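Everything quoted here is computed from the prediction, not taken from an experiment. Positions are given from 1, in the same order as the sequence printed here.
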Amino acid sequence: MMLTFATPLLLALTAAARPSSYAVWGADSAISRGQGNGLSSAGAAQVSYEHGEFQWALRLLLDRTGNQTYYNYILKGANNIVYDNGTVHGSYTLTDYVLDPIRTGPTFLYLYDKTGQAKWKTAANTFRSQLNSHPRTAEGQFWHKKVYFNQGWLDGIYMGDVFYTAYTAKFDARNATAWADITAQFQLMFDNTKQLPTAPNNTNLLYHGYDYSHTAVWANADRGHSPEVWDRALGWYMMALVDTIELAPPSSGALRTTLLKILQTLAPPLRDAADPKTGVWWLVMTQPGRAGNYFESSGSMMFVYSLLKAVRLGYVPDKDGSIVKAAKKAYNYATANWVIDNGDGTMGWNNTVVVGSLNMAGDYNYYISQAITLNDLKGLSAFILASLEYELL
Ligand SMILES: *[C@@H]1O[C@H](CO)[C@@H](O)[C@H](O)[C@H]1NC(C)=O
Ligand SMILES: *[C@@H]1O[C@H](CO)[C@@H](O)[C@H](O)[C@H]1NC(C)=O
Ligand SMILES: *[C@@H]1O[C@H](CO)[C@@H](O)[C@H](O)[C@H]1NC(C)=O
Ligand SMILES: *[C@@H]1O[C@H](CO)[C@@H](O)[C@H](O)[C@H]1NC(C)=O
Ligand SMILES: *[C@@H]1O[C@H](CO)[C@@H](O)[C@H](O)[C@H]1NC(C)=O
């Protein structure tokens, strides 16, 4: 009698149990909701940088767990946006010259490695050729989009240059022009957006973007930068630094040393910008504690991933352990406050801001007035990446 009663109860408990790894739990939950699969919520093919970020996290998780479910999900998602002949579809138009779609390119290179199928190389070549004719500032910085005349955004470094590096490493490793170009993309962005010690509320970090022609409504008259340090833009840039350094082969010239220097310059002030009480970071980092500002989860998890990976791979010294300590504190806040146990075996993810663009005022009120959503894939993917690093400690 006990047995017949206990068996279904045990099964029910097992079904609702969460995986012990947050990385696995986050990924399985997103997959169960059909997120990041190359389709929009309406089911239309969609080339999306968020899906590219998620696929990057799934690849790392596949390496960690060997679970082929993740491989199959990556393949299915990429097949949804690339025809058999290698044409990229899903609202992608090369001559729109947008950097965002290129973030899915590392997935194509990965699948070319795994399958040897020509379609993936054809698709990657499309993105690579976009970069050859992509509009640039007079200094050589890629515009974030053709419609954003002369503007470099931190976001674009993650979207375009991780792919540019991975492609060059794989197919064009002796192309010194390409290596110098990638190095310049990072350096120009740093030089044009770094806060100066004379700035009010200086953080020693990077403003969201700059307008080389100084004509955008938000452009600072002096250097053309936007007014605020936005956490997610800096998060993209930090992730691009650690991922690109890892991909850079010996033939890449000054790329590695240039990026290491930038990373070592940014890591200590980033550690110091965390809120002392919670350990996480403000949405608008230049105005901590101001009414309307809040702790934002996507940027915070991008920082945890970047800082832990930078220390683990020896890119940034951490003699007193303060960088790892700061990252751990932030991560523990996230699991206690931003992870939601849905009670059905899946988790939800809270407090990620939907968007932050420089297509409007780019000021404090703009950033704090943007919507926050549940299960935003930009934030959840960053949480999976942060978890992968945390779980190695
Ligand atoms: C692999 O991942 C899927 C979900 O993404 C999960 O249902 C399955 O149990 C996992 N398999 C193993 C062997 O862990
Ligand atoms: C590639 O395949 C798609 C879908 O079948 C088709 O619409 C397109 O014309 C093809 N492109 C080329 C260059 O063959
Ligand atoms: C080398 O890279 C440069 C810069 O991206 C590009 O213009 C050129 O076409 C590349 N050369 C080859 C042989 O692909
Ligand atoms: C400096 O930070 C304080 C506190 O967040 C804020 O109230 C103030 O507006 C900031 N000043 C500038 C110029 O950003
Ligand atoms: C998400 O966070 C907001 C603000 O912190 C909170 O009001 C809301 O209840 C949270 N959502 C869930 C489902 O926990």
Can the ring centres of His134 and Trp143 be said to be less than 6.0 Å apart? no

For Tyr212 together with Phe149, are the ring centres under 6.0 Å from each other? no

Under 6.0 Å between the ring centres of Trp218 and Tyr366? no

If you look at every heavy atom in Leu205 and Leu270, which pair is closest and at what distance? CD2-N, 3.8 Å

Mind telling me whether Tyr367 and Trp230 have parallel, tilted or perpendicular rings, with 30° and 60° as the class edges? parallel

Are the side chain of Thr244 and the backbone of Val162 linked by a donor-acceptor contact shorter than 3.5 Å? no

Quick check: does any side chain N or O of Asp181 sit under 3.5 Å from a backbone N or O of Thr177, one acting as donor and the other as acceptor? no

With a 3.5 Å distance limit and no angle check, can you tell me whether Tyr364 reaches the backbone of Arg290 through a side-chain donor-acceptor pair? yes

Do Trp281 and Phe303 have their ring centres less than 6.0 Å from each other? yes

Give the ring-plane orientation class for Tyr148 versus Trp153, where under 30° counts as parallel, over 60° as perpendicular and anything between as tilted. parallel

Write down the atom of Pro19, the atom of Asp28, and the distance for their closest heavy-atom approach. CG-OD2, 4.4 Å

Does any part of the side chain of Arg232, heavy atoms only, come nearer than 4.5 Å to the side chain of Leu283, both counted from C-beta? no

Where the side chain of Glu296 meets the backbone of Val353, is there a donor-acceptor pair that is under 3.5 Å apart? yes

Between Trp338 and Tyr333, how do the two ring planes meet: parallel, tilted or perpendicular, split at 30° and 60°? perpendicular

State the CG-CG distance between Asp243 and Leu259, to the nearest 0.5 angstrom. 11.0 Å

Do Arg271 and Ser322 have a side chain donor and acceptor closer than 3.5 Å? yes

Between Tyr390 and Asn332, do the side chains contain an N or O donor and an N or O acceptor separated by less than 3.5 Å? yes

Provide the closest heavy-atom pair for Val82 versus Ala123 in the form atom of the first, atom of the second, distance. CG1-CB, 4.0 Å

Can you name the closest pair of heavy atoms from Thr286 and Asn201 and give their distance? O-ND2, 2.9 Å

For Lys329, is the NZ atom crowded, meaning more than 12 foreign heavy atoms sit under 6.0 Å from it? yes

Within the distance-only criterion (no hydrogens, no angle test), does the side chain of Asn342 pair as donor or acceptor with the backbone N or O of Asp344 below 3.5 angstrom? no

How are the rings of Tyr73 and Phe54 set relative to one another: parallel (under 30°), tilted (30 to 60°) or perpendicular (over 60°)? perpendicular

Nearest heavy-atom approach of Asn293 to Gln287 is ND2-O, 2.8 Å

Under 4.5 Å between any side-chain heavy atoms of Trp179 and Ser251, yes or no? yes

Step through it carefully: locate the ring centre of Tyr167, locate the ring centre of Phe127, and say whether they are under 6.0 Å apart. no

Do the side chains of Lys378 and Asp376 get close enough for a salt bridge, i.e. N-O under 4.0 angstrom? yes

Side-chain contact, heavy-atom cut-off 4.5 Å: Arg64 with Val24? no

Answer with yes or no whether the side chains of Gln68 and Asn72 bring together a donor and an acceptor at under 3.5 Å. no

I want to know whether Trp236 and Tyr158 have ring centres closer than 6.0 Å. yes

Can any side-chain N or O of Thr373 pair as donor or acceptor with the backbone N or O of Val354 at less than 3.5 Å? no

How close do Phe163 and Arg128 get, heavy atom to heavy atom, and via which atoms? CE2-N, 3.7 Å

